[in-house]
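Okay, so here's the structure we're looking at.
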Amino acid sequence: MSKNTLINQTKIVFPSYSANEAFARSAAASFVSQMNPTYDELSDIKCAVSEAVTNAIVHAYRDVLGDVTLIMKMYDNRLFYAEIRDRGCGIPDVEEAMRPLFTTDPENERSGMGFTIIDNFMDSLKVTSAVNKGTKIVITKKLSLLPIQK
């Protein structure tokens, strides 16, 4: 199997203000646009990154401010990679947190569907977390081949 070649990458660190969810979503859209994704692929990536960043802002830091790190990479085989990290409260039970409708914030009408949405829109989702150390979410999506121009 041949090794995929990294063709571009970026790293953005921003404070966990709720307004920065839209910033992260736009940054992901701008970054992946260089690969000419389909409309559906672009929408899926924007939504998945938005959900992951929202999780960090809402759940990881709750009532305190902290940094959220967004790392994005593109490979020559049209693979999009994103990593969203925080150094917040962590998730005590990742398996439980990934169940549909599970939420730690029901009083604020959180649906508990964030991980389910991310998983449905991306090709892969991996969540690692440690209590009081933070959480890392890694997502990937293989973009379709470009149509042949005539």
Side-chain angles (χ1 to χ4, degrees), residues 4 6-144:
N4 300 323
L6 180 67
I7 58 173
N8 200 0
Q9 64 182 332
T10 190
K11 178 180 179 180
I12 306 166
V13 180
F14 49 89
S16 60
Y17 295 120
S18 61
N20 282 335
E21 176 275 326
F23 166 70
R25 183 181 181 93
S26 296
S30 295
F31 184 78
V32 76
S33 289
Q34 67 188 294
M35 296 300 289
N36 194 24
T38 66
Y39 176 79
D40 287 342
E41 291 166 341
L42 180 61
S43 294
D44 291 352
I45 288 168
K46 286 170 40 180
C47 185
V49 168
S50 175
E51 287 292 334
V53 168
T54 297
N55 277 352
I57 291 170
V58 171
H59 299 290
Y61 294 113
R62 297 202 174 114
D63 296 324
V64 298
L65 195 62
D67 285 341
V68 177
T69 301
L70 171 60
I71 298 168
M72 295 180 287
K73 299 178 183 182
M74 287 297 309
Y75 292 89
D76 64 346
N77 67 341
R78 298 184 54 73
L79 180 71
F80 171 80
Y81 167 101
E83 182 177 313
I84 299 88
R85 291 189 308 218
D86 66 68
R87 292 177 295 184
C89 65
I91 303 171
D93 186 340
V94 171
E95 188 176 322
E96 178 182 41
M98 293 183 75
R99 280 194 337 234
L101 305 178
F102 176 83
T103 182
T104 59
D105 194 16
E107 56 276 354
N108 287 315
E109 299 182 18
R110 296 290 170 187
S111 70
M113 295 299 291
F115 284 135
T116 302
I117 291 167
I118 295 168
D119 193 37
N120 283 325
F121 286 161
M122 302 302 284
D123 295 332
S124 71
L125 163 64
K126 183 178 180 186
V127 180
T128 54
S129 189
V131 174
N132 298 322
K133 293 188 179 187
T135 300
K136 177 171 80 169
I137 298 171
V138 175
I139 53 178
T140 63
K141 186 163 191 78
K142 180 82 180 264
L143 303 179
S144 59

Handout entry: Where A24 and V53 come nearest, the two heavy atoms and their spacing
Key = CB-CG2, 3.7 Å

Practice task
Using the side chain to side chain contact (heavy atoms under 4.5 Å, CB included) rule, pick out the option among I137, I117, D119 that qualifies with E51.
Solution key: I117

Problem - Nearest-0.5 Å distance that lies between atom CG in D86 and atom CD1 in I91 - result: 8.0 Å

Fill in the blank from the handout: Between G134 and S129 the two heavy atoms that sit nearest each other are O-OG, 3.1 Å

Exercise for the section: Evaluate the side-chain proximity of T140 to Y75: yes if any heavy-atom separation is below 4.5 Å, no if none is. Expected result: no

Handout entry: Side chains of M72 and Y81 in contact at under 4.5 Å (non-hydrogen atoms)
Key = no

Handout entry: R85: which of D67, V68, L70, I71 passes side chain to side chain contact (heavy atoms under 4.5 Å, CB included)
Key = I71

Problem - Atom pair CG/CG of N120 and L125 - distance to nearest 0.5 Å - result: 10.0 Å

Practice task
Could you tell me whether the side chain of N4 and the main chain of N77 form a donor-acceptor pair under 3.5 Å?
Solution key: no

Practice task
Find the distance between CG (L6) and NZ (K73) and round it off to the nearest 0.5 Å.
Solution key: 6.5 Å

Handout entry: K141 side chain to F121 backbone, donor-acceptor under 3.5 Å
Key = yes

Problem - Shortest non-hydrogen contact from N36 toward R78 - result: O-NH2, 3.6 Å

Exercise for the section: Check whether any side-chain N or O of Q34 sits under 3.5 Å from a backbone N or O of F31 as a donor-acceptor pair, and report yes or no. Expected result: yes

Problem - Gap separating the OG atom of S144 from the CG atom of D40, nearest 0.5 angstrom - result: 9.5 Å

Practice task
Any chance you could measure F115, atom CZ, to I139, atom CD1, to the nearest 0.5 Å?
Solution key: 11.0 Å

Exercise for the section: Measure the CD-OG distance between E41 and S33 for me, rounded to the nearest 0.5 Å. Expected result: 11.5 Å

Ignoring hydrogens and angles, write down the donor-acceptor pairs under 3.5 Å from the side chains of residues 15-23, residues two or more places apart or on other chains.
unit_1: S16; atom_1: OG; unit_2: G66; atom_2: N; d: 3.0
unit_1: S16; atom_1: OG; unit_2: G66; atom_2: O; d: 3.2
unit_1: N20; atom_1: ND2; unit_2: P15; atom_2: O; d: 2.8
unit_1: E21; atom_1: OE2; unit_2: S50; atom_2: OG; d: 2.2

Handout entry: Expected output: side-chain R25 to main-chain V49 donor-acceptor under 3.5 Å
Key = no

Practice task
Kindly indicate whether the side chain of N55, heavy atoms from C-beta on, has any atom under 4.5 Å from the side chain of T135.
Solution key: no

Practice task
Answer whether the closest heavy-atom distance between the side chains of I45 and L143 falls below 4.5 Å.
Solution key: yes

